[in-house]
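Below is one structure, written out as structure tokens; the observations come after it.
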4 protein chains.
Amino acid sequence: MKKKQKIIKEAIRLFAERGFDATTTLKIAEVSHVTEPLIFYHFKNKDGLFTEAIECIFFEYFSRLESLAVKTESEFENLENLIHMHFDYVAEMPNESYLLTSVRPARLRDFESVCIRNREEQRNRLNTFIAGCLKRGIQKKEFWNVPVEPTVRLFISSLIGLMRQEILSLSDRETDHERIISELKEIAVMYCRRSLVKD
Amino acid sequence: MKKKQKIIKEAIRLFAERGFDATTTLKIAEVSHVTEPLIFYHFKNKDGLFTEAIECIFFEYFSRLESLAVKTESEFENLENLIHMHFDYVAEMPNESYLLTSVRPARLRDFESVCIRNREEQRNRLNTFIAGCLKRGIQKKEFWNVPVEPTVRLFISSLIGLMRQEILSLSDRETDHERIISELKEIAVMYCRRSLVKD
Amino acid sequence: MKKKQKIIKEAIRLFAERGFDATTTLKIAEVSHVTEPLIFYHFKNKDGLFTEAIECIFFEYFSRLESLAVKTESEFENLENLIHMHFDYVAEMPNESYLLTSVRPARLRDFESVCIRNREEQRNRLNTFIAGCLKRGIQKKEFWNVPVEPTVRLFISSLIGLMRQEILSLSDRETDHERIISELKEIAVMYCRRSLVKD
Amino acid sequence: MKKKQKIIKEAIRLFAERGFDATTTLKIAEVSHVTEPLIFYHFKNKDGLFTEAIECIFFEYFSRLESLAVKTESEFENLENLIHMHFDYVAEMPNESYLLTSVRPARLRDFESVCIRNREEQRNRLNTFIAGCLKRGIQKKEFWNVPVEPTVRLFISSLIGLMRQEILSLSDRETDHERIISELKEIAVMYCRRSLVKD
DNA sequence: CATGAATGAGCGTTCATTCAT
DNA sequence: AATGAATGAACGCTCATTCAT
């Protein structure tokens, strides 16, 4: 039981660091301190291991999304929290973030069912969250009367672009990483406010 | 000579469609209608082929960046053109875009030299372009007095987030792709104006 | 105890259907509704299971041979009964027949001890039975004065050739299987009579 | 070119001696004095190698069948030659004979197309040959008026039973093998004559 | 009796790369 | 410039078998 979790954990790290194809099952076994066949005892095959890993990642991510308590007084604060959550997520779990934001983290025989399905779920949840904020904010006159649907799309695209930037900055071990990302977060929130909030 | 170009072209397609590791030199040879050893005659090895392919892609991309004629009357129009250029680039060359925006399109023995180097070059060029627009715009009172450096970072991150979105929408063969992307482009330009331009 | 018999029964089916090497102990466990280690509790190893299976098969076969009541009035009738018994045996137990007539049903570490030993026993018993009939028949002037030893060999060879034919026809699910085999049996008996019996 | 033939030759030997599953591609490579991947260069996979091997075997066998010159004066002599040919074939090519007469020499993904197809072809050719002899012999009053179809079946079954016997005797390294097989051949011819030929 | 977890050994297959021509 | 033949290295995966419980 313990070992299965360990395998998943190490697999995520290796898949993120080297990519699916460049990660051998033997290497995963080594760093997990188990023998190779144990991987195939716990998972159907390499694709199956990857699938479970992706499910784990999205499960954790969705938990974080759900636990974003929705404030009622200020809709903008909700969006701000959403932005913060994503920056924090990348900082805490860079490998998971990388796989989460990857367009094609692996090419599986049955690719659709894992990555695409979860990505759609992610889009739906983000959609619901952001569109909700926008609509309520517009109704409460907190926000300008912006077109909801395209604004949501733009918001999501930018959010993921920002995550990508944070991941890159982390993996390139950029000097001043902390400061830059912190500034980036601030400015993102600032432009969000400026674009949506009346005064 | 013709054949070498053909190899690079097909390699780009396959690398984008299936990833570096999942693309065999044999497959590249087949779809290029050459024999496998010819690839090794023209390129040092698979990594070398990939390197040349990446160089080609960035060369074309940098050409497009350079050919963005810089208007002097309106700085906002320059930024607008930059946004349009990137949307057009994805639409015209989806495979190239995918490799261009990929965080780690391949894990080469000497990875730094090609992907990271070009990505830095790209960041520098975008930086120069956007920072120039912002500074001149601020000076000319066309723009608000925004902090230049973080704004540039946010701009670039969002731009690449938008490209990613367009690529995804293409590869998922989303219904209404045309309309959605067109709307996304418009709204991106709109928020850009709203955030920067004084009324 | 019940389970051990079940394992042997299913093992025979699988060994016959797919061959020894292509039959995994896991598969045997599954179709027997037991877990894999139980097989190794009941049998020393896979070879041991196969050995017991073969012993079972020959035990049943030898029982049938022994229970062929020997008529004294007509020696030919005894041979006829022998032929019928073999046709019936194939029809009733095709998997067992297949393993019984297989030249090399498995390559065990200690192959001799089970397949070859039983095959020799089989040859000896058939030899005794047939040679006895022939000698008595010749003495009683029921049969022509044929050379006993070679005739026995020919008889056995043909008999097994006929079994093989019946097995093949069964496994190929030949249309008209029933009719063809029935005709084959008749004609075999007919030629046997014609060759041996004095008008 | 030379090497491909060598691989097939050695593969036939090993497949016959140990069975398909127990014969590893590495072992085939070793005894053929080539490296393992060369096998996969010349053949699609292990099944493909087996398939070509079987085709070779039947090709040679069919050649021998065809080159049986058909005498016109005596139909019995034709049948006698057929029997001799099969005995000789086993003596010369025991491994090939074993695979040829095996009910299921391997369990391939696409099993039908090789073994069953060739076996049907074999049955058809033998059928044509033997039925032709019988019919002409009956017409010429050389033979008794036996029922052709079932007689042919019996003939074929016995023939293969005899081959099996010769193979077994060879592989068991029976003492007196030569004499026994020689006697078996004689007696087979004798009973054939006695059963068919008038006088 | 029974089982979940675990493994050593090995197998079929792939692939980038080389070499003689 | 071009290719058919060949290979070292490694990979995903399987399987009989064991062991602690």
Side-chain angles (χ1 to χ4, degrees), chain A residues 1-4 7 20-29 32-50 109, chain B residues 1-4 7 20-29 32-50 108-109, chain C residues 1-4 7 20-29 33-50 109, chain D residues 1-4 7 20-29 32-50 109:
Chain A
M1 284 305 164
K2 239 10 185 349
K3 291 193 181 180
K4 185 174 177 182
I7 291 169
F20 179 77
D21 288 315
T23 301
T24 72
T25 48
L26 180 58
K27 188 71 190 171
I28 296 173
S32 307
H33 300 295
V34 300
T35 55
E36 213 183 354
L38 190 64
I39 293 178
F40 295 93
Y41 175 74
H42 284 300
F43 308 92
K44 199 191 162 209
N45 50 27
K46 197 186 170 189
D47 284 18
L49 167 55
F50 181 81
R109 265 180 292 282
Chain B
M1 282 310 159
K2 249 334 189 17
K3 291 194 180 180
K4 186 172 177 182
I7 291 170
F20 179 77
D21 289 312
T23 302
T24 70
T25 49
L26 179 59
K27 188 73 191 168
I28 296 172
S32 306
H33 300 294
V34 301
T35 55
E36 222 181 345
L38 191 63
I39 293 178
F40 292 89
Y41 175 81
H42 283 302
F43 307 92
K44 195 190 162 211
N45 50 26
K46 197 186 171 190
D47 284 18
L49 166 56
F50 182 80
L108 310 179
R109 236 106 49 199
Chain C
M1 283 311 160
K2 249 335 189 13
K3 292 193 179 180
K4 185 172 176 182
I7 291 169
F20 179 76
D21 289 313
T23 302
T24 70
T25 48
L26 180 59
K27 188 72 190 169
I28 296 172
H33 300 295
V34 300
T35 55
E36 222 181 347
L38 191 64
I39 293 177
F40 292 89
Y41 175 81
H42 283 302
F43 308 92
K44 196 191 162 208
N45 50 26
K46 198 186 172 190
D47 285 18
L49 166 55
F50 181 81
R109 235 110 44 203
Chain D
M1 285 306 164
K2 247 345 188 9
K3 292 193 182 182
K4 186 173 176 182
I7 291 169
F20 180 77
D21 288 315
T23 302
T24 72
T25 48
L26 180 58
K27 189 71 192 170
I28 296 172
S32 306
H33 300 295
V34 299
T35 56
E36 215 182 352
L38 189 65
I39 293 177
F40 295 91
Y41 175 75
H42 282 302
F43 307 91
K44 197 192 162 209
N45 49 27
K46 198 186 169 190
D47 284 18
L49 166 55
F50 181 81
R109 264 181 292 281

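Just so we're on the same page: letters track the sequence lines, and every chain starts at 1.
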Does D/Lys3 make a side-chain N or O approach to OP1 or OP2 of F/dA5 shorter than 4.0 Å? no
Given the P atoms of E/dC1 and F/dT21, what is the spacing between them in whole Å? 23 Å
Nearest whole Å is fine: how far is E/dT14 P from B/Lys27 NZ? 14 Å
Round to the nearest Å and state the distance from D/Asn45 atom CG to E/dT13 atom P. 5 Å
Minimum side-chain heavy-atom gap D/Thr25-D/Leu49 below 4.5 Å: no
Of D/Phe20 and B/Lys46, the one whose nearest nucleotide on DNA chain E sits closer to the 5' end is D/Phe20
Whole angstroms only, please: what is the CD1-C1' distance between C/Ile28 and F/dC15? 12 Å
Between residues 33-40 of chain C and DNA chain E, which residues have a heavy-atom gap below 4.0 Å? C/Thr35, C/Pro37, C/Leu38
Look at C/Lys44 and F/dT17 and indicate whether a side-chain polar atom (N or O) is within less than 4.0 Å of OP1 or OP2. no
Whole angstroms only, please: what is the CG-P distance between B/Leu26 and F/dA5? 14 Å
Please determine whether a side-chain nitrogen or oxygen atom of A/His42 lies at a distance below 4.0 Å from atom OP1 or OP2 of E/dA6. yes
Shortest non-hydrogen separation from A/Leu26 to A/Glu36 and the atoms involved: N-OE2, 3.3 Å
Taking C/Phe20's backbone N and O only, do any of them form a donor-acceptor pair with C/Lys46's side chain (distance below 3.5 Å, no angle check)? yes
Starting at NZ of D/Lys3, measure out to OG1 of D/Thr35 and round the result to the nearest 0.5 Å. 7.5 Å
What is the distance, rounded to the nearest whole Å, between atom CG of B/Asp21 and atom P of F/dA10? 15 Å
Closest non-hydrogen contact found for D/Ile7 with D/Ser32 is CA-OG, 3.6 Å
Across all strands, who's sitting opposite F/dT21 as a Watson-Crick or G-U wobble pair, both distances under 3.5 Å? E/dA2
Check for me whether A/Lys4 meets the cation-pi criterion with A/Phe43, that is, NZ or CZ under 6.0 Å from the six-membered ring centre and within 45 degrees of the ring axis. yes
Between NZ of A/Lys4 and P of E/dA6 the distance, given in whole Å, is 11 Å
Any D/Tyr41 side-chain N or O less than 4.0 Å from OP1/OP2 of F/dA6: no
For E/dG12, does OP1 or OP2 lie under 4.0 Å from any side-chain N or O of D/Thr25? yes
